Visitor: 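Structure in structure tokens, see below.
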Amino acid sequence: MSGSFDLPLLGVPWFDLPWWGFALAALAMTHVTIASVTIFLHRHQSHRALTLHPVVSHFFRFWLWLTTGIVTKEWVAIHRKHHVTCETEEDPHSPQIHGISNILLEGSEFYRKEARNKETLQVYGKGTPDDWLERNVYARHPSLGIALMFVLDVMLFGAIGITVWAVQMIWIPFFAAGVINGIGHFWGYRNFVTEDASRNILPWGVLIGGEELHNNHHAFSASARLSNRWWEFDIGWAYIRTLAAFRLARVLKVAPRMRRVPFKPQCDLVTLQALIVHRYEVQARFARILKRTAIREFKQLRKSHPLPDFKQAWANSTVKQWLQKGTGNLPEPQLSILSQALHASSILRTIDSMRQELVEFGAKSTTSREQLVQQLEDWCRRAEQSGIRALQEFSQQLRCYA
């Protein structure tokens, strides 16, 4: 079935499309919007991971004015503050603090509230556009662009253009302010053990431009590429590479990828550099390799010590959280059982102490690189002499990181 309704005041719509044509048009326009957010606002303006040709930069700015009413300085300032204060009371939109349902359903309200904070804009909004158009049109009249988009949609599609416009208006508040800021800090998988609660929502994402790889972004926030594993797809990065091929963009920073070299008998400066640069990934690998050993030890303890009863699912999630983030964030019941287990098991105590040393490694800035290499070699030697097979395996891998 084709055709559309026309509004008498605006005459016949420019395009007479079937229903799926309107759907594709709405999807295409919202996709340009999410590309504008991830490339211009996020990677270019907020993190300076790339530069954009002035024409491309202004197109993104103009399109965002039409479809979202976002003021560049406000968005950038709020996002930068989120990184600095992540998962604290000062974080403008943490679901860990404000609740997942609040961020998911009312994420845009948290943005509007923080946008009224002049201190946030002054401290975190530096370096954003400040030309005549920004001061007198985009920032001064953000609602004007949205109203103009409404008129254009109705002129293009007739009465159904109102629906197309409505989809455009809810796209960013739902996906960016709700899904990415909410689910991206609550559910999903983690490649890196960052201090925050960031998660990768899906390995493949088209609707939100690569922003679903949120844990990767928090691990390397200044990277223009958000994908890290070979099976992850960042469509925003594909667009950036296309722009770069036509000299319309220039990539400044990309997250390095950890690799392995052939077996080395001792740690060296290359090993040290890999550990420091890829510390979040190293900690994640430590947790994955030691998890099975820790759970097996828990099972043995239940046979010989009066540990409170707990389900296997509880043990798996608690051990995973402990190995990734230590005991500081565990709820009291889990912390109590874990404390008893650590007291009863020398294997768990060894894993815990080695994990803590690994997390804190290199924190003392006064230590020379040569001393750090020696300390790292000592850590590996003790791991290999611990008698814990998984710890020995991790140590041998660590020596070969580069």
Side-chain angles (χ1 to χ4, degrees), residues 30-65 67-68 70-84 86 92-93 111 124-130 134 138 171-172 175-177 179-181 184-185 191-192 194 196 198-229 232-257 277 280:
T30 54
H31 194 70
V32 175
T33 302
I34 197 67
S36 302
V37 170
T38 187
I39 297 172
F40 173 73
L41 286 177
H42 194 191
R43 310 186 204 201
H44 169 53
Q45 284 288 309
S46 296
H47 296 291
R48 305 298 180 187
L50 71 150
T51 60
L52 291 171
H53 188 280
V55 172
V56 176
S57 180
H58 189 262
F59 166 77
F60 285 142
R61 201 158 39 123
F62 174 69
W63 185 261
L64 288 167
W65 178 67
T67 58
T68 67
I70 289 175
V71 177
T72 302
K73 185 173 184 177
E74 294 176 358
W75 197 98
V76 168
I78 293 169
H79 183 73
R80 288 173 177 171
K81 183 175 182 179
H82 162 66
H83 274 270
V84 173
C86 199
H93 47 69
Y111 261 98
Y124 298 101
K126 297 177 181 178
T128 53
D130 190 30
E134 188 70 26
Y138 299 150
W171 201 262
I172 294 302
F175 279 108
V179 173
I180 297 172
N181 293 336
H185 281 262
N191 287 330
F192 306 96
T194 54
D196 51 71
S198 59
R199 298 287 192 274
N200 292 328
I201 304 172
L202 292 171
W204 291 80
V206 175
L207 294 179
I208 46 181
E211 294 293 329
E212 71 282 354
L213 299 169
H214 206 56
N215 174 245
N216 294 356
H217 169 60
H218 272 263
F220 297 99
S221 59
S223 174
R225 183 190 64 222
L226 303 188
S227 57
N228 189 269
R229 299 292 186 260
E232 294 172 339
F233 177 63
D234 174 10
I235 195 170
W237 174 242
Y239 294 150
I240 291 170
R241 292 294 301 272
T242 302
L243 289 171
F246 289 96
R247 298 186 179 181
L248 297 175
R250 183 165 64 92
V251 175
L252 302 178
K253 304 170 187 174
V254 175
R257 284 177 171 161
V277 172
Y280 295 138

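What you see is a predicted model; the values in this text were computed from it and never measured.
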Visitor: Does any part of the side chain of I70, heavy atoms only, come nearer than 4.5 Å to the side chain of W65, both counted from C-beta?
Guide: no
Visitor: Provide the closest heavy-atom pair for I235 versus G209 in the form atom of the first, atom of the second, distance.
Guide: CG2-CA, 3.5 Å
Visitor: Please list, chain by chain and in numerical order, all residues satisfying ring-ring contact (aromatic ring centres under 6.0 Å, His included) with H44, sequence neighbours excluded.
Guide: F40
Visitor: Look up atom CG in L252 and atom OG in S223, then write down how far apart they are to the nearest 0.5 Å.
Guide: 11.0 Å
Visitor: Nearest 0.5 angstrom please: I208 CD1 to L202 CG, how far?
Guide: 7.0 Å
Visitor: Between atom CG of L213 and atom CD1 of I201, what is the distance when rounded to the nearest 0.5 Å?
Guide: 9.0 Å
Visitor: Parallel under 30°, tilted from 30 to 60°, perpendicular over 60°: which one fits the rings of H82 and H214?
Guide: parallel
Visitor: Do L52 and I39 have side-chain heavy atoms sitting under 4.5 Å apart?
Guide: yes
Visitor: Which atom pair, heavy atoms only, marks the closest approach of N228 to R257?
Guide: O-NE, 3.3 Å
Visitor: Side chains of W75 and V37: closer than 4.5 Å at any heavy-atom pair?
Guide: yes
Visitor: Answer yes or no: is there a donor N or O on one side and an acceptor on the other, between the side chain of R225 and the main chain of S227, under 3.5 Å?
Guide: yes
Visitor: What residue pairs, at least two apart or across chains, pass side-chain hydrogen bond (donor to acceptor under 3.5 Å, both in side chains) with a residue in residues 238-253?
Guide: H31-Y239
Visitor: Using the test side chain to side chain donor-acceptor pair (under 3.5 Å), find all partners of W171 that sit at least two apart in sequence or belong to another chain.
Guide: none
Visitor: Determine yes or no for a side-chain-to-main-chain donor-acceptor pair under 3.5 angstrom, with E232 supplying the side chain and R229 the backbone.
Guide: yes
Visitor: Roughly how far, to the nearest 0.5 Å, is CZ of F59 from CG of L248?
Guide: 12.0 Å
Visitor: Can you check whether G210's main-chain N or O pairs, donor with acceptor, with E212's side chain at less than 3.5 Å?
Guide: yes
Visitor: Is there a side-chain contact between H185 and H93 (heavy atoms, below 4.5 Å)?
Guide: no
Visitor: Indicate yes or no: at least one non-hydrogen side-chain atom of F220 is less than 4.5 angstrom from one of P256.
Guide: yes
Visitor: Do N216 and N191 get their side chains close enough for a donor-acceptor pair, meaning under 3.5 Å?
Guide: yes
Visitor: Should V71 and Y138 count as side-chain neighbours, where that means a heavy-atom distance under 4.5 Å?
Guide: no
Visitor: Determine whether S198 and H217 make a side-chain contact, defined as any pair of heavy atoms from C-beta on separated by less than 4.5 Å.
Guide: no
Visitor: Look up atom CD1 in I34 and atom CD1 in I172, then write down how far apart they are to the nearest 0.5 Å.
Guide: 3.5 Å
Visitor: For R80 and K126, indicate whether the former's side chain and the latter's backbone hold a donor-acceptor pair under 3.5 Å.
Guide: yes
Visitor: Could you list the residues that satisfy side-chain contact (heavy atoms from CB on, under 4.5 Å) with A49, not counting sequence neighbours?
Guide: A224
Visitor: Can you list the residues that meet the ring-ring contact (aromatic ring centres under 6.0 Å, His included) rule with Y124, with sequence neighbours excluded?
Guide: none
Visitor: Could you check whether E134 pairs with K73 (Lys NZ or Arg NE/NH1/NH2 to Asp/Glu carboxylate O, under 4.0 Å)?
Guide: no
Visitor: Can you list every salt bridge (Lys or Arg N to Asp or Glu O under 4.0 Å) pair that touches residues 38-59, not counting sequence neighbours?
Guide: R43-D234
Visitor: Going by ring pair (Phe, Tyr, Trp, His ring centres under 6.0 Å), H218 matches just one of H79, H47, H83. Which one?
Guide: H83
Visitor: For residues F175 and L207, determine if any side-chain heavy atom of one lies less than 4.5 Å from a side-chain heavy atom of the other.
Guide: yes
Visitor: If the test is side-chain contact (heavy atoms from CB on, under 4.5 Å), which one of T72, T128, T68 qualifies with L41?
Guide: T72
